[in-house]
Amino acid sequence: MLDKTFDPAAVEPRLYDLWEKAGAFACHPASPAQPFTIMIPPPNVTGSLHIGHALTMSIQDMLTRWRRMQGRDALWQPGTDHAGIATQMVVERLLASQGQDRRSMGREAFLQHVWEWKAQSGGAITRQLRRLGASLDWPRERFTMDEGLSKAVIQVFVTLHEQGLLYRDRRLVNWDPVFQTAISDLEVESREVKGSLWHLKYPVAGEPGRFLTVATTRPETMLGDVAVAVHPDDERYRDLVGKHLILPLVGRRIPVVADAYSDPEKGTGAVKITPAHDFNDFEVGRRHDLPMPSVLDADARVMVAEIAAALSAVGGDPDFVRALDGVDRFEARKRIVARLQELELVEKIEPHTHQVPHGDRSGVPIEPRLTMQWYVDAKTLAQPAIKAVETGQTAFVPRQWENTFFAWMRDIQPWCVSRQLWWGHQIPAWYAPDGEVFVARSEAEAAEMARAKLGRDVALTRDPDVLDTWFSSALWPFSTLGWPEKTPELAKYYPGSVLVTGFDIIFFWVARMMMMGIHFMGEVPFRHVYIHGLVRDEKGQKMSKSKGNVMDPLELIDAYGADALRFTIAALTGPGRDVKLGRKRVEDHRGFVTKIWNAARFLEMNGIAADLGFEPAKATSPLARWVLDAGNRAVAECTAALEAYRFDEYAAAAYRFTWGTYCDWFIEFAKPVLNGPDGPEKAEVKGAAGHVFGTILRLLHPAMPFVTEELWHRFGYGAEGSLIRTAWPDAVAVQDAEAARAELDWVVALIGEVRGARAEMNVPPSVTVPLLLQGASGTTLARAAAWIDAIRRLARATEVKPLDGAAPKGVAQVVVGEATVMLPLADVIDLAAERARLAKARGTAEGEAKKIRAKLGNADFVARAPEEVVEENRERLAAAEAEMARLDAALARIAG
RNA sequence: GGGCGCUUAGCUCAGCGGUAGAGCGCCUGUCUUACACACAGGAUGUCGGCGGUUCGAUCCCGUCAGCGCCCA
């Protein structure tokens with residue numbers, strides 16, 4: 001016996017264990033089945049399951065389970081990412097709480113700590129994914145820093161270097177002063193900051209009393225100014241171009257240069273140029289061959305060393321500047337502004353709101369800094385990736401995201417891949433004492449190269465930096481399959497079928513996998529990229545800890561079960577839309593899980609179970625044929641929706657069929673049969689009920705794996721835990737489905753009309769009345785007779801018979817097809833209300849007729865619209881007019 | 001500033017050339033022997049504004065407005 005309610009907490013862990021132990025999630029490289037591959041976007045090893053994971057993983061699991069049921073050899077590749085900065089941050093914080101820090105313990109010891117931490121806490125997210133029901137092939141789980149993947153990283157680094165696609169360069173980088181590392185453009189986010197625009201007066205050399213005013217948002221960098229730029233066409237400053245200014249405080253002579261970078265509309269039209277601390281200034285500096293002294297160090301503190309030689313007491317204040325050495329950038333700003341004010345060199349200070357680049361992890365303003373870093377030639381690698389999307393070798397769903405991809409890829413900058421961190425893949429480059437670099441697969445190989453090159457053994461030092469986390473993530477689609485070895489897995493599961501991820505990760509990850517995949521595998525890494533939205537709260541706000549609107553998927557699973565959460569996600573995941581998730585929505589969908597459970601209890605009470613001998617094609621009763629046919633349509637709808645990545649439509653189609661058709665109508669129609677005598681009809685209805693319920697369980701399994709799997713074995717459809725491996729349903733043959741549909745449609749219409757009339761007349765369900773048919777055809781009378789039990793029950797009727805003689809007094813009347821149905825309700829009926837009801841129905845029919853008449857009266861419509869559309873309108877008009885006539889007759893009948 | 005998306009019932013959203021829909025909420029009734037996490041019924045819309053194309057526009061095109069996101 002099934003319990004009164006479904007208890008997810010008891011069922012979910014048991015079934016998941018069963019699946020996992022039985023190897024139900026495993027792919028089979030040796031099988032001839034067509035592969036279906038999804039690479040998990042590896043969550044951070046530090047992470048725990050948040051609602052965004054629940055969205056993306058539910059989608060991936062739905063696809064995987066569905067394709068697996070379709071007979072594909074499904075591989076959903078699990079794994080986690082070492083997440084360089086994020087993980088190092090977590091462990092550093094942990095150490096700090098114990099009064100330790102990484103620098104004093106040294107690299108080896110620190111890394112030891114990280115690995116220990118990973119061993120202890122790193123498995124959290126994989127345990128949580130199991131709670132969601134994710135059918136990942138766990139024995140194949142990989143980690144971006146495990147041995148195989150590290151080998152792949154080195155192979156790629158060395159190869160790209162050999163090919164000239166990876167190189168060292170001294171350029172400005174985004175420097176994060178908190179983490180003390182370079183970060184890529186993508187790890188920088190602009191934030192609006194309310195600051196000031198300082199107007200500083202720079203004296204013109206040799207012209208006492210004359211100044212050129214520059215406007216700047218960063219006065220502290222003036223120590224590193226090497227020029228002032230004005231627009232070549234700017235009349236105001238034309239005579240100053242070529243002349244020199246005296247840089248205040250420093251005393252250095254700096255030129256006024258003409259450069260189109262300077263915008264005459266902005267500020268004063270004259271900009272100070274600090275090439276070592278601003279990306280635009282860097283370009284100006286290059287164009288004009290200017291020196292590039294750095295005046296801020298790795299901690300973003302003032303560093304005087306590189307300008308020390310330029311300090312001059314003439315026009316400057318060397319003591320003041322020297323005293324700034326080691327002062328934090330923001331403190332230095334205050335002091336410099338104050339000093340300039342004393343010197344009356346500040347013309348004005350305007351409030352100014354502007355975009356300031358911040359490190360996305362540290363949250364502090366990044367500092368552009370001139371350093372030596374490793375770069376990947378993204379421009380070259382991007383070209384084939386762009387082409388692959390242009391030619392459709394990889395297609396985005398929804399399509400519009402291709403624009404985002406193209407926009408980024410066509411304007412891609414060199415990718416800075418070195419990070420001044422300890423946790424990550426250490427760069428395989430070794431330096432000789434003279435600085436010569438040897439990129440190699442191992443220290444021994446580097447030593448070999450050095451010997452060959454230099455003719456002697458030299459002491460080599462390995463580059464201390466590690467690679468950007470996304471460098472190894474970019475290789476994920478093939479490194480997880482054993483590359484660079486030629487494994488059977490690599491041959492079978494590359495390229496992947498679909499990549500599922502959020503739009504925020506297109507640049508970070510999708511673009512880079514495309515580049516690396518194509519370059520090293522000669523083939524795109526996936527055929528489709530399904531981009532889903534973000535999970536937001538009910539009001540559409542982003543979830544954040546500070547807003548306090550974060551939803552915890554595990555808590556939701558505890559409260560409502562994984563099936564309810566997953567189905568909710570499916571139902572809300574439309575194309576190109578964010579998912580607005582509220583607790584209430586999950587609660588509502590738990591109602592659907594319960595509904596299925598209760599339908600199952602009904603079947604159980606009526607002795608209905610899997611009838612493996614039932615043959616749909618041999619069904620003779622209209623009810624069986626009708627429900628089998630409706631099931632066929634549900635299967636077609638669900639399949640089409642999943643093929644189109646329309647998870648909302650899949651959920652809606654399954655829901656509609658299960659609740660609206662199977663439960664609301666089929667079960668109700670079946671009740672009289674099931675309560676009646678045993679016989680062939682009853683046996684057939686039981687068979688169909690069991691058959692279609694099995695279809696429902698299969699259709700819903702991808703979205704609601706647990707409740708469906710539980711019911712599957714409880715009803716004997718298969719062994720416990722076997723639904724996951726059961727074939728996805730197909731259409732079954734049904735004889736004369738058309739006729740069955742027409743018949744049942746009529747019964748449904750009759751019951752609906754009678755119910756409506758009764759409800760509007762406020763007739764209590766306890767009052768039952770006969771239904772008198774007027775003007776009914778033979779077919780209708782036959783149908784009424786055949787369905788008398790269901791009509792009695794669902795329309796609260798005592799009997800259905802043709803009207804004999806005149807209409808009794810006090811009838812409610814409804815029109816169903818060609819017949820008028822009368823409900824003798826003399827005792828309860830309110831004639832005025834009944835008249836109003838009929839008049840309203842007539843009004844509706846008349847409005848309809850009027851609209852169609854106008855259309856058909858339009859000669860252009862009749863002449864130009866397709867024949868079938870015109871014909872259809874004629875039919876509709878006839879039907880509406882016939883209904884009006886019947887309603888008129890009904891009104892006339894109660895008039896007197 | 002450039003680009004993308006959105007605007008349909010009170011709310012969340014489908015529909016995207018030929019009869020305006022769903023779920024929730026709301027209102028009314030019901031313990032009808034699977035289910036009150038239920039059943040039955042009902043009300044609610046100038047489909048953002050203005051033009052255009054078309055026999056016909058919620059749907060296509062243009063434009064304006066508001067909202068959101070991404071990139072500068």
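Just so it is clear: chains get the letters A, B, ... in the order the sequence lines come, proteins before strands, and each one is counted from 1. Values below: all heavy atoms of this structure, side chains included; hydrogens, waters and symmetry mates excluded.
Taking atom C1' in both G68(B) and G29(B), the straight-line distance is 43 Å, to the nearest Å. For the P atom pair drawn from C6(B) and G45(B), the interatomic distance equals 26 Å after rounding to whole Å. One C1' atom belongs to C16(B), the other to C70(B), and the distance between them is 26 Å to the nearest Å. Separation of the C1' atoms belonging to C27(B) and G10(B) is 13 Å when rounded to the nearest angstrom. Taking atom P on both G5(B) and U63(B), the two are 14 Å apart, rounded to the nearest angstrom. On the C1' atoms, G48(B) is 37 Å away from A40(B), given to the nearest whole Å. U32(B) and U44(B) have their P atoms separated by 31 Å, with the value rounded to a whole Å. Only the C1' atoms considered, C47(B) is 16 Å distant from U19(B), to the nearest whole Å.
Arg646(A) comes within 4.0 angstrom of sugar-phosphate atoms only, judged by non-hydrogen atoms across all strands, and of no base. Residue Arg755(A) is classed as a sugar-phosphate contact, given heavy-atom separations below 4.0 Å to backbone atoms only. Within 4.0 Å (heavy atoms only), Glu668(A) reaches at least one base atom of the nucleic acid. Among the atoms of the strands shown, none is found under 4.0 Å from any heavy atom of Ala407(A). At the heavy-atom level, Ala599(A) lies under 4.0 Å from base atoms of the strands shown. The residue Glu872(A) sits apart from the nucleic acid: no heavy atom pair falls under 4.0 Å. Using a 4.0 Å heavy-atom criterion, one finds that Arg656(A) contacts no nucleic acid atom at all. If you check every strand for non-hydrogen atoms under 4.0 Å, Asp411(A) touches nothing. When heavy atoms are screened at a 4.0 angstrom cut-off, Pro764(A) is found touching no nucleic acid atom at all.
Across C37(B), C69(B), G18(B), the shortest atom-to-atom separation from the side chain of Arg590(A) is found for C37(B). Nearest to the side chain of Arg585(A), among G18(B), A34(B), G23(B), sits G23(B). In the set C69(B), A34(B), G25(B), the nucleotide with an atom closest to the side chain of Phe602(A) is A34(B). Between C4(B), U28(B), A34(B), one nucleotide has an atom nearer to the side chain of Gln400(A) than all others, and that is C4(B).
Judged by distance alone, the side chain of Tyr650(A) and the main-chain N or O of Glu637(A) form no donor-acceptor pair under 3.5 Å.
Rounding to the nearest 0.5 angstrom, the gap separating the CD1 atom in Ile531(A) from the OG1 atom in Thr404(A) is 8.5 Å. Atom NE2 of His358(A) is separated from atom CD1 of Ile366(A) by 9.5 Å, given to the nearest 0.5 angstrom.
Nucleotides of RNA chain B nearest to Gly756(A) and Pro575(A) differ in position, and the one nearer the 5' end is that of Pro575(A). Positionally, the nearest nucleotide of RNA chain B for Lys4(A) lies more toward the 5' end than for the other of Lys4(A) and Asp860(A).
Under the 4.5 Å side-chain criterion, counting only non-hydrogen atoms from C-beta, Tyr655(A) is in contact with Phe567(A). At least one side-chain heavy atom of Trp509(A) sits less than 4.5 Å from a side-chain heavy atom of Leu499(A). Inter-residue side-chain proximity for Val627(A) and Phe669(A) is flagged as unmet; no heavy-atom pair is nearer than 4.5 Å.
Applying the Watson-Crick and G-U wobble criteria (two distances, each under 3.5 Å), C35(B) pairs with nothing in any strand. With a cut-off of 3.5 Å on both Watson-Crick or G-U wobble distances, the partner of G1(B) is given as C71(B). Across the strands present, U19(B) finds no partner; the criterion is a Watson-Crick or G-U wobble pair with both atom distances under 3.5 angstrom. Across all strands shown, G42(B) is found opposite C26(B) as a Watson-Crick or G-U wobble partner, with both distances under 3.5 Å. Nucleotide A57(B) is matched to nothing when pairs are restricted to Watson-Crick or G-U wobble geometry with both distances under 3.5 angstrom. The partner of G66(B) is C6(B), judged by Watson-Crick or G-U wobble contacts that both fall below 3.5 Å.
A cation-pi arrangement is absent between Arg399(A) and Phe396(A), since the terminal nitrogen or guanidinium carbon is not both under 6.0 Å from the aromatic centre and inside a 45° cone about the axis.
Taking only side-chain nitrogens and oxygens, Lys580(A) never comes nearer than 4.0 Å to OP1 or OP2 of G23(B). Checking the phosphate oxygens (OP1, OP2) of A14(B), a side-chain nitrogen or oxygen of Arg577(A) falls inside 4.0 Å. Trp659(A) has a side-chain polar atom (N or O) that falls below the 4.0 Å cut-off from OP1 or OP2 of C39(B). One finds no side-chain N or O of Arg758(A) lying less than 4.0 angstrom from the OP1 or OP2 phosphate oxygen of G42(B). For the pair Lys671(A) and A34(B), the criterion of a side-chain N or O lying under 4.0 Å from OP1 or OP2 is met.
Taking the charged nitrogens against the carboxylate oxygens, Arg793(A) and Asp789(A) have no contact shorter than 4.0 Å, which rules out a salt bridge.
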